Amino acid sequence: MINQEIAHILNNISEYLAMEDIEFKPRAYEKAAVNIEALNESVFDIYKSGGIKALEEIPAVGYGIAKKIEEYIKTGKIKEYEQLKKKTPVDLEKLTSVHGIGPKSILRFYKELGVKNIEDLEKAAKDKKIRQLEGFGFKSEENILMALKFFKNSSSRFPLGYVLYDLRNIEQRIKKLSGVKNTLLSGSVRRMKEDVGDADMLVAVSSKKDAKKIMDYFIHMSEVAHIYNKGETKSSVKLKNYINFDIRVVDENSFGAASQYFTGSKDHNIELRKIAIKKGLKLNEYGIFQIKNQKSKIKNSAKAEEEIYNKLGLKWIEPELRENKGEIQAALRQAQGKPDGLPKLIGYNDLRGDLQMHSKWSDGMNTIEEMANEALKTGKEYILITDHFRPIFSNKLNSQTVVKQWQEIDKLNSKFKIQNSKFRILKGCEVDIMDNGELYLEDEILKKFDVVCASIHSNFKMQKGKMTERIIKAMKNPNVDIICHPTGRLIGARPAYKLDIEKIVQTAKETGTILEINAYFNRLDLKDDYIRMAKNAGVKLAISSDAHSISHFQYLELGIAQARRGWAEKKDIINAWPIDKMLKTLK
DNA sequence: GCCGTTTTCGGCCCGACTGTTTTCAGTCG
C-alpha cells in the first residue's frame, strides 16, 4: 500500500506545481509516480535494503524525490506536500477526475469562488458563479455540470473484456461505411491492456467529405450517451456503458503514422520522438519528417507503421510490448543484428488446448460434451476438465462420484476416436489449497487425474509470509501440476492477496510447477509483469480459460494478450505445445 | 526534478479542440 500512497502524493504534488505554472517539474513527479505504482516491491523494502541510493535506482526517481520518499517512510509525511495542501486545500484527486477540469481551473475556482471539492464545484456551477469568471462562460458552466453527472456514476477504468466486444462491433459497422479505407481500434485497447480508461478508434479516408460523414455517423450512434466534443477530424463521446470513446479520422496516407501515434503508450511514443529528434527527424501523427531547418519540412508521411520504426533504426514492435519497458532497446538490438532482440511472441492462434474449465458436474453451465464440442469448433486439440470438489461449488462431485465423471469422459473420448478425431478430453480437477497448504483431496485420488490444478478460494487475507508458505507447500506436492490464478486478484474489484511473488516463481522453477495465466476477463492472473518475471526465471506457464460456459472460451484471447504483454513466447506456454510434449512436462 | 551515444548543465513530445477570445490558454490524449 505504501507505493500507492506515495504515488498518490507525488501525483498531487505534480498537480499543485502545474497550478503554479511551474515548468517540467509536474511531468517529473508524474513519471516518478507512475514508476512507483508499477513496482513489484514496496518502496519501504527498497529503502530498507539500500537507502536513498536504492530508491534512486527506480526510473524517474532522482535524489530529490528519493529524499521525499525517505521523509515519508520516516515521518509519515512530506513537509513540502503538507505546505502545498495548506496553501490550496482542495480535493485534488476528485476534482481533476472531472472531465475538462485541470489544475489551472481548480486553482481559479478555489481562489475566486472558494471551491474545495466536488460538492462546492457543483454548487458554484448551479448558482451560475462559473460564468462570471473571466475566460469562462455559460458553456463552461454547462460542461462542468454535464461532466459531474457522468463523474458520479462511472468508475474510471474497465476490464478490457468488459468493453472490447462492444467496441469491435462499432468498428465493424464503421468499416462498412462508404469512403472508409481502413479502421483500427488503437490506444490501450490495441495494446490489449488488462483494463482501459478510454478507447480510441482510427479511421482512414481519402476525402474531407467522407470524414464528415463518418463523424456524423459516430456521434449519432445509438450507443452514445454524451458528446464531449466534435470536430472535423477528432471527436469524443461517452458511451452508454460509460466508457469514453475517441475517434480520429485521418488521410489514408497518414494511417500508418496515425496508428503508431494513437496506439501509444504515451511513454513509448515519447521515447520514439526523442530518437527521432536525435536523428534530425520529427515524428507526429501525420508522419515522420526531415527537419532541414525550422521552416522547411519535407513531408514524408508513413503509410505503414513499420516504416516509422525502420526510419528510426528499429524493428517493428508488437503493440502489446509498447510500454517503454525495454522494448525499444530490444528493437534497436534486433535491428543491429545483436542478441537479446525482441521476443517472438506467442500468437493468437497458437493454443492447442485449454487447461482449466468447469462443467455441470460443479459450477459450470454446460455438460462436458458441450464444452468439448465447442473447444473442438474453435480448433483446440484437447481440453482439461477441472471441476471443483468442495461442497460450496458442487454437491455432485466427491472422491466416490468422480469415477462416474471419468467414465463419462472415457466414453466421449472413445466417440471422438471412432469419428477419427484426435480430440481428447483430459481428466483433471481444480483442488482447493486449504489454510495450512494441504489440499482438499487426498493424494491417493490426486494421483489418478491426468492433470491436477490447485488454487485458493478462501481466507484471502492471510499474512504475506503465511500465504506464501501456503502456496509453496501446495507446489511441493508431487501431484500438483498447475497453480491456478496464483495471486487471486479481480481487476477493479479485489486486490491480490499478499504474496512474495519472487519466492513463488523461484519455487515453481525448483518444483517444476506450472503457473497459470487465467484468461477470464476480470482475472488475467498472472498479470503481465509477473508473467515476464516467470518467463525470465525459466518457469513454464499455461493459458487457461477457466470457462464456466461455452461462451467463455472467447476470453482465451485475453489470456494470450496478457502473455504477450509479459513477453511470453510459444516455448513458455505449455498448452501451445502438442499434447504429448505438454503431458511429459508435467510432474 | 530528472537525465546523459551531445551533455553533470541545459534541455525536457506534440497537436486537436473548446470556449473564450480577436490570438490564446487550458485540457486532453
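Chain naming here is simple, since letters A, B, ... match the order of the sequence lines and numbering starts at 1 in each. Below, all heavy atoms of this structure are taken into account, side chains as well, without hydrogens, waters or symmetry copies. Just so it is clear, the model here is predicted, and its values are computed rather than measured.
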Is the distance from OP1 or OP2 of B:dG1 to the nearest side-chain N or O of A:Lys25 less than 4.0 Å?
->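 Checking A:Lys25 against B:dG1: at least one side-chain N or O falls below 4.0 Å of OP1 or OP2.
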[N] to [M] separation - [atom1] atoms, rounded to the nearest Å:
N: B:dA16; M: B:dG11; atom1: C1'; result: 26 Å
N: B:dT23; M: B:dG29; atom1: C1'; result: 24 Å
N: B:dT5; M: B:dG1; atom1: C1'; result: 23 Å
N: B:dC9; M: B:dG15; atom1: P; result: 31 Å
N: B:dT7; M: B:dC3; atom1: C1'; result: 10 Å
N: B:dC28; M: B:dT22; atom1: P; result: 24 Å
N: B:dC14; M: B:dT20; atom1: C1'; result: 23 Å

With a 4.0 Å cut-off on heavy atoms, is [X] in touch with a base, just the backbone sugar-phosphate, or nothing at all?
X: A:Glu285; result: sugar-phosphate
X: A:Asn269; result: nothing
X: A:Glu134; result: nothing
X: A:Pro103; result: sugar-phosphate
X: A:Lys230; result: sugar-phosphate
X: A:Phe262; result: nothing

If you take all heavy atoms of A:Glu70 and A:Leu55, which pair is closest and at what distance?
-> N-CD1, 4.4 Å
Please determine if A:Glu323 and A:Arg565 form a salt bridge, counting it only when a charged side-chain N lies under 4.0 Å from a carboxylate O.
->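 Salt bridge flag = yes for A:Arg565 with A:Glu323.
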Is any side-chain N of the basic residue among A:Arg564 and A:Glu318 closer than 4.0 Å to the acidic one's carboxylate O?
->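 A:Glu318 and A:Arg564: salt-bridged.
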Does B:dT8 have a Watson-Crick or wobble partner in any strand here, with both distances under 3.5 angstrom, and which is it?
->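 By the stated definition (distances under 3.5 Å), nothing pairs with B:dT8.
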Do the side chain of A:Thr88 and the main chain of A:Lys85 share a donor and acceptor less than 3.5 angstrom apart?
->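 Answer holds: no.
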Heavy-atom check, side chain of A:Met215 versus side chain of A:Lys230, under 4.5 Å | no
Find the distance A:Ile101:CD1 to B:dC17:P and express it as a whole number of Å.
-> 21 Å
5' priority, DNA chain B, between A:Ile270 and A:Lys68 [closest heavy atom] =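 By nearest-heavy-atom nucleotide position, the 5'-most residue is A:Lys68.
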